[in-house]
Q: 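Sharing a structure, written as C-alpha cells. Questions coming.
In what follows, chains are A, B, ... by sequence order, proteins preceding strands, each numbered from 1.
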2 protein chains.
Amino acid sequence: MREGPDIARIASLVGDPARANMLNALMGGTALTASELALEAGVSLPTASSHLSKLTEGGLLTLASQGRHRYYGLAGPQVAGMIEAITGVAEAVGPKRVRPGPRDGAMRVARVCYDHLAGEQAVAMLDRLVDKNILVRNDNEIRLGPSAASHFAAIGIDFYTKPRRPVCRACLDWSVRRSHLAGTLGAAILDKILLEKWARREKDSRAVIFSPPGKQAFERIFLS
Amino acid sequence: MREGPDIARIASLVGDPARANMLNALMGGTALTASELALEAGVSLPTASSHLSKLTEGGLLTLASQGRHRYYGLAGPQVAGMIEAITGVAEAVGPKRVRPGPRDGAMRVARVCYDHLAGEQAVAMLDRLVDKNILVRNDNEIRLGPSAASHFAAIGIDFYTKPRRPVCRACLDWSVRRSHLAGTLGAAILDKILLEKWARREKDSRAVIFSPPGKQAFERIFLS
DNA sequence: AGGATGCTTCGATGAGGACCGAACTATGCG
DNA sequence: CGCATAGTTCGGTCCTCATCGAAGCATCCT
C-alpha cells in the first residue's frame, strides 16, 4: 500500500467505455466539439459533457473555447503515448488477432479522420501538395501557398464555406507516423472525392475504398 | 462509437485503486503471492483474490502455481510498459508532490522497471550506447549496432538467453521524459549490475541504490 | 430584440462492482 | 489421519457513478 503517482485515477478515466471512445476519436490529433464526441461515444450530450469535464479536470484533455464552440483535444503527446500503450496491450490480450482482414488493410490505405481523408493516400497527398508549393508547411502549421487559390479553384474545390474552422491543419496519422491534411480544405477534398464517386465509404467503418478509375483520377490530380 | 481493441476494458482493470497498487507492487519484477498482494493493496484476502482473478482473466497477470502458493506476476514487458506510460501521465498531471522525499529522489536516479533498469542513470546509459553507435536507434525501435556483440561480450553481458523476447526495446521513463533500454539486453544489464553488487535494491521499493565504487564502475563502463 | 444553436448543470434513477465475513477447497506437515 | 496455512467461492451490503430528460447559460445570427 505504498504511495506513488495516482495511476488508478488516470486509468479509471480511460476505463469508461464512453470516455475511451472519446479519447480514441481524439487520437487523430484534431480537436473535436462536445457534440461530435457525444456522437462518437454513443451517449447523450449531457453525459458526454460530464465525461468531458472529468477528462479535462483529470488533465487528459485541453479545452479551447472558440465562440460557442468548445474544442476538446488530447492534452499532449504523453497522453497520446499512454493511450497507444494501452491500445497495444488491449490488442495483444484481446480476442485473437483475426487475420489483418481486408478492412484493416483498407484502413491503412485510406480512411476518414473526422471529416477529412487519412491513411497512406492522404499522407502522400499532403507531401505532394507541399512539394509543389501549393501548401506551405512549417512543422505543424500549414498555410496556403501563392498558387493555392487558383489551383483548387481549377479542380473545383471550394474550402471557404465554413469560415469558422482553420483552412489547413496538420493531423497526425495513426497508421503511418506522419501528418495528413485536416481543416476545411481537407474536408473539402474528402467531399470532392466522395462526390465524384472516386471512392465510397465502407459501411460502419472509417475505411475509404477507391474504385480503380477513381484512384487513377485522384492520383492524377493529387499525386502527379 | 466505432470499434477497436477494447482499451476501456484494460484501463478499467488498472483503474481500481486496489488493483493499481497490486500492479505497482509487481512492477518490481518479482512475482508475489495473493496474500502479499492483499497486504500491498490494503484489502482483505477475498477481495484481493477477486481482483487477481480479474487481472489474470484480463491478461495482465500470469499465474504460476507452486504447491499451495500461487505466484502472480506481470504478464509481460508490454504490460510493464503500459503501466510506466500511465504512471508518467499521472506524474505529469497529478498534484505536485508535496515533499519529494529521499526515496523519491533515489527512484528518479535508478529503479527497477519490471526486469530492467530505469531512471536517470538508465536514460543516460541508453543515450551513451546510441552515441557510441553500439545501439542504433530509430524512433522507438532499437537495434544492435555492428560492434554490439563484441562490446557486450567484452564486459560479460550475455543477452541471448531468452530468445522469445526482443533483445532491445525502448521503454518510456516516467521521471525523465525520455526512453531507457528494455528487452533482454536491458534485463541482462540489470542482472549484471546486481550480480556485481554495484547496486542493491531498496527493500520493499523499486529504488536501486548504487554503492560509491559500484557507481564508478557503472559509469566507467556505460557512461564513459 | 428574438430565435437558434452549442453546451453545461441539476435531479432522479439504476446498475455495476468493491468490499468483507463465513464457509469451502487445496496443499503441506507431523 | 488431524491440524495449520494458502486461496477461492458465496452471499449480502453498500456506494459510486454512468445515464438521461429537463431546465439553464452562453454565444451567434438576423
Q: If only atom types and distance count, is the side chain of A/R19 paired as donor or acceptor with the main-chain N or O of A/V14 below 3.5 Å?
A: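 Not confirmed, A/R19 side chain does not pair with A/V14 backbone.
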Q: Please encode protein proximity along nucleotides 13-19 of chain D as a string of B, S and -, counting only heavy-atom distances under 4.0 Å.
A: -----SS
Q: Does the side chain of B/R200 come within less than 4.5 Å of B/F210's, by heavy atoms?
A: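 B/F210 does not reach B/R200 side chain to side chain.
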Q: Minimum heavy-atom separation for B/V89 and A/Q78, please, with both atom names.
A: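 Result for this residue pair: CG2-O, 3.7 Å.
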Q: Between C1' on D/dA6 and CG on B/L37, what's the gap in Å once rounded to a whole number?
A: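 Result: 13 Å.
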Q: Write down the distance between CG (B/L55) and C1' (C/dG17), rounded to a whole number of angstrom.
A: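 Spelled out: CG on B/L55 to C1' on C/dG17 is 14 Å.
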Q: If you take all heavy atoms of B/L185 and B/I157, which pair is closest and at what distance?
A: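 Heavy atoms of B/L185 and B/I157 come nearest at CD1-CG2, 4.2 Å.
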Q: For nucleotides 25-28 of chain C, print each protein N/O atom paired with a nucleotide N/O atom at under 3.5 Å, atom names and distance only.
A:
unit_1	atom_1	unit_2	atom_2	d
C/dT27	O3'	B/R68	N	3.4

Q: Mind checking if B/Y72 touches a base, just sugar-phosphate, or nothing, with heavy atoms under 4.0 Å?
A: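 Sugar-phosphate only.
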Q: Begin from the C-alpha positions of A/E84 and A/T87 and carry the test side-chain hydrogen bond (donor to acceptor under 3.5 Å, both in side chains) through to its verdict.
A: CA-CA 5 Å; A/E84 270 194 17; A/T87 307; over 6 Å; no
Q: To the nearest Å, give me how far apart CG (B/N21) and P (C/dC19) are.
A: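 In whole Å, C/dC19 P and B/N21 CG are 10 Å from each other.
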Q: Under 30°, 30 to 60°, or over 60°: which ring-plane class applies to B/H180 and B/H116, parallel, tilted or perpendicular?
A: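 Tilted: the ring planes of B/H180 and B/H116 meet at 30° to 60°.
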Q: Roughly how many Å is it from CG in A/L45 to C1' in C/dT8, rounded to a whole number?
A: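 Result: 9 Å.
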Q: Atom CG of A/L63 to atom C1' of C/dG6: distance rounded to whole Å?
A: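 Distance, rounded to whole Å: 13 Å.
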Q: Could you walk me through whether A/S44 and A/T47 pass side-chain hydrogen bond (donor to acceptor under 3.5 Å, both in side chains), step by step?
A: CA-CA 5 Å; A/S44 73; A/T47 304; 3.0 Å; yes
Q: Quick one: B/Y71 OH to D/dT8 P, roughly how many Å, whole number?
A: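 After rounding, the gap between these two atoms is 14 Å.
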Q: Where the side chain of A/E91 meets the backbone of A/G88, is there a donor-acceptor pair that is under 3.5 Å apart?
A: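 The answer is no, because no donor-acceptor pair under 3.5 Å joins these two groups.
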Q: Taking 4.0 Å as the cut-off, does a side-chain nitrogen or oxygen of B/R70 come that near to OP1 or OP2 on D/dT8?
A: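 Indeed, a polar side-chain atom of B/R70 lies that close.
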